[in-house]
Structure formats: structure tokens, C-alpha cells
Protein chains: 2
Amino acid sequence: MPQQKSEHIPRATIQRLAVYVQVLENLQREGTEVISSEPLAKACNVNASQIRKDLAYFGEFGVRGVGYYVKNLIASITSALGVDREWRTVLVGVGNLGKALLNHKEFRLRGFNIVGAFDCDPFKIGEEVSGLEVVCTKRLREMIGDNGAEIGIITTPPERAQRAANHLVEAGINGILNFAPSRITVPDHVNVEYVDFFHHLYALSFNITHPNSK
Amino acid sequence: MPQQKSEHIPRATIQRLAVYVQVLENLQREGTEVISSEPLAKACNVNASQIRKDLAYFGEFGVRGVGYYVKNLIASITSALGVDREWRTVLVGVGNLGKALLNHKEFRLRGFNIVGAFDCDPFKIGEEVSGLEVVCTKRLREMIGDNGAEIGIITTPPERAQRAANHLVEAGINGILNFAPSRITVPDHVNVEYVDFFHHLYALSFNITHPNSK
DNA sequence: TAAGATATGAGAATTATTTCACAAATTTGG
DNA sequence: CCAAATTTGTGAAATAATTCTCATATCTTA
């Protein structure tokens with residue numbers, strides 16, 4: 001539906017779009033049906049023209065003199081982001097974090113279905129977690145051939161993240177969400193996102209330590 | 001020790017400094033003692049002069065013709081970020097995620113000590129999690145007076161995040177790590193960082209859907 | 001000890017992003 | 001039905017961040 005108009009879209013825009021969806025969903029839950037860029041911007045802590053510019057990359061979703069219909073805008077942004085569909089994912093590294101994620105029902109709710117759990121620890125292989133049997137990481141390739149997953153989630157210790165990534169890439173995955181506290185190297189066509197909340201604690205620490213530098 | 005030279009430091013720089021530390025720590029673990037900006041940049045997936053520029057905000061940490069001593073650089077960056085000390089934190093919202101974080105030993109290891117757990121659910125109050133007794137959120141203020149925490153971690157459902165934030169602010173906290181999927185409003189002097197890995201999944205989804213737009 | 005090789009630090013140039021400002025579109029009220 | 005009030009969408013201007021380039025410093029080897 002909403003067609004991407006120009007070629008390059010700033011990464012920051014994508015991040016903000018995710019924020020807009022979050023805020024819009026909360027507004028919807030509270031019963032707001034229409035909102036204009038000004039109050040939405042306030043709620044998202046950004047500039048109003050920023051929002052309009054971000055949306056303009058994908059189309060015209062507002063009504064002049066009125067604002068944006070919350071329901072429509074959510075649909076438009078999720079469509080632009082490509083999250084208006086199911087994404088099949090597999091998880092590598094069934095430790096504490098891995099298990100927590102496997103049991104996290106929000107994944108399915110948001111359309112990110114975890115359809116495979118892998119680990120290289122013989123003691124974990126065969127174990128059942130949240131309805132999935134833990135399979136040896138070496139079998140990733142054959143399993144993904146079957147289940148057609150496109151996104152891999154890495155929850156291994158840092159020293160095993162690169163190996164996990166290699167297996168995922170070889171299995172034909174094209175997106176990786178890496179929770180391991182280490183950088184990984186992948187071919188150009190594979191997208192990697194890193195999640196590490198200590199980075200956020202570091203940012204807090206810096207901002208509290210240097211309150212003037214805001 | 002390393003003094004901040006100029007007034008404003010880009011947020012992106014802070015985020016990258018956290019990445020540098022992560023990569024440097026892994027290098028150190030593997031036995032690397034000296035590294036120059038070029039290979040470090042490759043490992044961090046950034047430009048080499050970016051690294052040098054980022055570091056230049058805080059001082060001169062390298063040796064011309066040689067590079068950076070890994071151990072020294074880690075010390076310099078962690079000092080610049082203010083994470084070379086203990087930070088006392090409190091957690092609000094003892095649900096699944098909250099409990100997982102309370103049991104996560106990495107917090108203490110990294111100097112972010114969780115010294116209080118709060119919840120407004122009467123059934124949870126009094127429960128013990130990871131050596132901490134869950135206390136009513138209303139008592140945040142008096143408790144923080146005692147334990148001197150500076151950072152609050154919010155792990156409530158989205159609709160209760162703002163209330164948790166209000167309590168934390170009132171208790172004198174000046175940094176908040178918000179895991180709840182909603183934006184919160186706080187006074188200017190309070191820093192907020194948001195953690196939501198669905199935002200990262202959205203980014204992956206977008207990048208996989210629009211492979212040309214990279 | 002001097003020459004060659006290496007790699008930082010920082011100013012300049014470039015590129016990217018954000019914000020401003022306003023024309024165009026829509027609604028509302030008289 | 002027209003005028004006033006909104007609010008979007010977008011080109012232009014301003015701001016910010018990144019990358020390039022090279023002088024400067026250090027190390028190594030003969």
C-alpha cells in the first residue's frame with residue numbers, strides 16, 4: 001500500500017517510526033481517534049515537522065486541517081516498516097535470556113513467531129522450552145530449509161555469537177537480532193541489530209555525570 | 001581523570017563509546033594489548049576517524065605511530081562515561097521481566113547495583129526476589145532517602161510507567177531506564193533511556209523489506 | 001642517529017539531518 | 001457559501017555529524 005517515495009531513509013527515521021507506533025498504540029488504547037503532529041510530537045519528544053518529514057518518506061497519511069487518524073496512521077506506519085505480516089524467527093542460545101525470550105508471548109503477538117530454538121550444548125539439546133525442542137545448532141541449515149525463517153535471534157555468550165551468526169547466515173537468514181555483548185561480522189545482505197541495555201545504562205551514567213552537556 | 005573538552009557531545013558518540021568498550025573488552029579477553037583505530041573501526045563497523053573524533057571529545061588517549069593500549073583505552077572511556085564507579089539503582093515493577101533483571105548478576109558485575117525492588121501489587125509486596133524484599137511503590141521516597149539510589153529501572157506495564165516515573169522523580173532519582181513500551185514525561189533534569197527490542201525487530205523488518213534503501 | 005614507516009589528532013570539506021516557514025487543503029461557524 | 005482557523009506537506013535554510021586530509025609525533029631498523 002504506502003509506497004516508499006525516495007531511495008534513502010535515515011536510520012533515525014526508522015527508529016522514530018517505531019516510537020510513533022508505540023505512542024499511537026497507547027493513544028488508541030486510551031480512546032484517541034485523531035491526533036495532529038503537534039501533540040503527537042510532544043508525546044514522542046520530537047519536533048512536529050520531524051514527524052511530518054518522517055512520514056513524508058512513505059506517503060501522505062494526514063488530513064490537512066484535521067491531523068492523523070490514529071488507526072490509519074498505525075496501519076500506514078506498520079505497513080511501511082513491513083511489520084504488518086508474520087515474521088518467522090529462530091533463536092540460538094538457550095540460556096537464561098534465551099529461555100525468557102522463548103517464553104515471552106509478546107513475540108507472537110507482534111508477529112515475530114519463534115519457530116526454532118538451537119543450542120550447541122549437548123545437555124540442552126532435546127530439552128523442550130515453550131513448546132519447542134532444542135536442536136543442535138549444526139542442524140540450523142536443514143531446519144530453516146523446512147521452516148523458512150528469515151530472522152535469527154542470538155542469545156549466546158559473546159564468544160559464541162560469531163559462530164551462531166555464521167550458522168544463521170549459512171542457513172539463509174537475512175536479519176539478526178544480537179543480544180550477545182559482542183559485535184558480529186556478516187555479509188552485506190544480512191542486517192544486524194544489537195540489543196544491549198548496558199549501553200543505555202552507560203548513556204544514563206554519562207548524562208548524569210555531565211548534566212551540563214545536554 | 002580525562003576531562004571533557006568541549007561542551008556538547010553528540011548522543012551518537014556516547015552510543016559508539018559503549019560499543020568501543022564492548023569490543024575492546026572482547027579484544028582484551030582474547031589477549032590483544034594494542035590496537036590502532038583502523039582495525040578497531042572495522043570491528044565496530046564504523047569509520048576510523050569517527051573513533052578518533054569521538055575520543056578527541058575527551059582527551060588524547062592514543063600514541064602516534066602506535067595506536068591505543070587496550071587496557072588504558074577501556075579505562076579512559078569508562079571514566080569518560082562515568083561507569084568507573086558504582087551506581088545504585090532501584091527497580092519498579094516486579095513482573096516477569098523485573099524478576100529476570102533482579103536475578104541478572106551482570107548488573108552488579110558492571111557496577112549497576114540494584115538496591116531496591118518496588119511494586120504496587122499487594123500480592124507482590126513482601127515477597128523476596130534475589131535477596132530483596134519487594135516494597136510498596138509509595139514508599140520509594142523514604143527508601144531512596146536511605147539507600148541513595150540515583151537510577152530507576154521501570155519494568156511495569158505501559159499504563160503504569162508514568163506513575164512509576166513520577167514516584168522515582170519525586171524520590172530524587174535523576175536517571176531512568178524504561179523497559180515499559182510507553183513514553184514517559186519527566187522534568188528536564190531527569191534523563192530517560194528507553195529499551196524496547198521490538199523497535200530493533202521493526203528496524204530489521206524494514207531493512208529486510210527494503211533491501212535497496214541501504 | 002637519521003630515514004622510513006606508521007598512526008594519531010584536528011582543521012577543512014563534505015554529507016546528512018533537522019528545523020523553519022509557508023502554500024495548499026480541509027473543516028467549521030456564521 | 002465565504003471567511004477564519006487549522007494543520008498538513010514540502011522546499012529552503014540552518015544545524016549537526018561524518019569523512020577526508022595532512023601535519024605532527026612516535027617507533028623501528030640500519
Side-chain angles (χ1 to χ4, degrees), chain A residues 2-20 24 27 32-70 72-74 76-77 80 203 206 213-214, chain B residues 2-20 24 27 32-70 72-74 76-77 80 203 206 213-214:
Chain A
Q3 202 74 3
Q4 197 171 311
K5 280 157 90 189
S6 80
E7 60 299 340
H8 177 73
I9 287 155
R11 194 199 145 68
T13 290
I14 302 305
Q15 294 182 150
R16 281 190 299 265
L17 288 176
V19 173
Y20 304 159
L24 288 165
L27 284 169
T32 307
E33 293 191 344
V34 185
I35 192 163
S36 60
S37 59
E38 194 58 65
L40 179 58
K42 200 155 281 173
C44 298
N45 213 25
V46 299
N47 183 295
S49 34
Q50 180 85 82
I51 293 186
R52 300 202 294 273
K53 184 72 78 183
D54 285 340
L55 296 176
Y57 283 114
F58 298 96
E60 306 192 1
F61 307 124
V63 181
R64 292 180 189 207
V66 178
Y68 301 89
Y69 290 97
V70 173
N72 285 356
L73 190 52
I74 292 173
S76 301
I77 299 178
F206 174 80
S213 79
K214 284 204 287 191
Chain B
Q3 202 74 2
Q4 198 171 310
K5 279 158 90 188
S6 79
E7 61 298 339
H8 177 73
I9 286 155
R11 194 199 145 66
T13 291
I14 302 306
Q15 295 181 150
R16 281 190 300 266
L17 288 176
V19 173
Y20 303 159
L24 288 165
L27 283 168
T32 308
E33 293 191 345
V34 185
I35 193 164
S36 60
S37 58
E38 193 59 64
L40 179 59
K42 200 155 282 174
C44 298
N45 213 26
V46 299
N47 184 295
S49 32
Q50 180 83 82
I51 293 186
R52 300 201 295 270
K53 183 72 75 185
D54 285 339
L55 296 176
Y57 283 114
F58 298 95
E60 306 192 0
F61 307 123
V63 182
R64 295 181 188 203
V66 179
Y68 301 91
Y69 290 96
V70 173
N72 285 357
L73 190 53
I74 292 173
S76 301
I77 299 178
F206 174 78
S213 79
K214 283 204 284 193

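So that the names make sense, note that chain A is the first sequence line, chain B the second, and so on, each numbered from 1.
- Rounding to whole angstrom units, CG of residue Leu55(B) and C1' of dT18(D) are separated by 15 Å.
- If you check every strand for non-hydrogen atoms under 4.0 Å, Thr13(A) touches nothing.
- Distance from the side chain of Ala56(B) is smallest to dA10(C) among dT8(C), dT10(D), dA10(C).
- We find that NE2 of His8(A) is positioned 13 Å from C1' of dT18(D), with the value rounded to whole Å.
- Here CG of Leu55(B) is found 10.0 Å from CD of Gln50(B). Values are rounded to the nearest 0.5 Å.
- Checking the phosphate oxygens (OP1, OP2) of dG9(D), a side-chain nitrogen or oxygen of Tyr68(A) falls inside 4.0 Å.
- Annotation: of the two residues near DNA chain C, Pro10(A) and Tyr69(A), the 5′-most nearest-nucleotide partner is Pro10(A).
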Practice task
Could you check Tyr20(B) against Leu73(B) for side chain to side chain contact (heavy atoms under 4.5 Å, CB included), going step by step and ending with a plain yes or no?
Solution key: CA-CA 9 Å; Tyr20(B) 303 159; Leu73(B) 190 53; over 6 Å; no
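- Taking only side-chain nitrogens and oxygens, Ser37(A) comes nearer than 4.0 Å to OP1 or OP2 of dT8(D).
- Within the model, atoms CG of Asn72(A) and CD of Glu33(A) stand 10.5 Å from one another, a figure rounded to the nearest 0.5 Å.
- At the heavy-atom level, Arg16(A) lies under 4.0 Å from the strands shown only through sugar-phosphate atoms.
- The NZ atom of Lys53(A) sits 14.0 Å away from the CD1 atom of Ile51(A) when rounded to the nearest 0.5 Å.
- Summarising the geometry, atom CG belonging to Leu40(A) is positioned 5.0 Å from atom CD1 belonging to Ile35(A); distances are rounded to the nearest 0.5 Å.
- Rounded to whole Å, the distance from CD on Glu60(B) to C1' on dT26(D) is 13 Å.
- Across the protein-nucleic acid pair, Glu38(A) atom CD and dT19(C) atom P stand 12 Å apart, rounded to whole Å.
- Minimum atom distance to the side chain of Ser36(A) is reached by dT7(D), of the listed dT7(D), dT26(D), dA17(D).
- The nucleotide whose nearest atom lies closest to any side-chain atom of Ala12(B) is, among dT8(C), dT26(C), dT18(D), dT18(D).
- Atoms CD and CZ, from Glu60(B) and Arg52(B) in turn, are 12.5 Å apart once rounded to the nearest 0.5 Å.
- Computed from coordinates, the Ile9(B) CD1 to dA17(D) P distance equals 11 Å when rounded to whole Å.
- Atom CD in Glu33(B) sits roughly 16 Å away from atom P in dC27(D) (whole-Å rounding).
- Across the protein-nucleic acid pair, Tyr57(B) atom OH and dG9(C) atom C1' stand 13 Å apart, rounded to whole Å.
- Looking at residues 40-54 of chain A, you'll see Asn47(A), Ser49(A), Gln50(A), Arg52(A), Lys53(A) sit with a heavy atom under 4.0 Å from some atom of DNA chain C.
- Atoms CG and SG, from Leu24(B) and Cys44(B) in turn, are 6.5 Å apart once rounded to the nearest 0.5 Å.
- Arg64(B) places its CZ atom 14 Å from the C1' atom of dC27(D), with the value rounded to the nearest Å.
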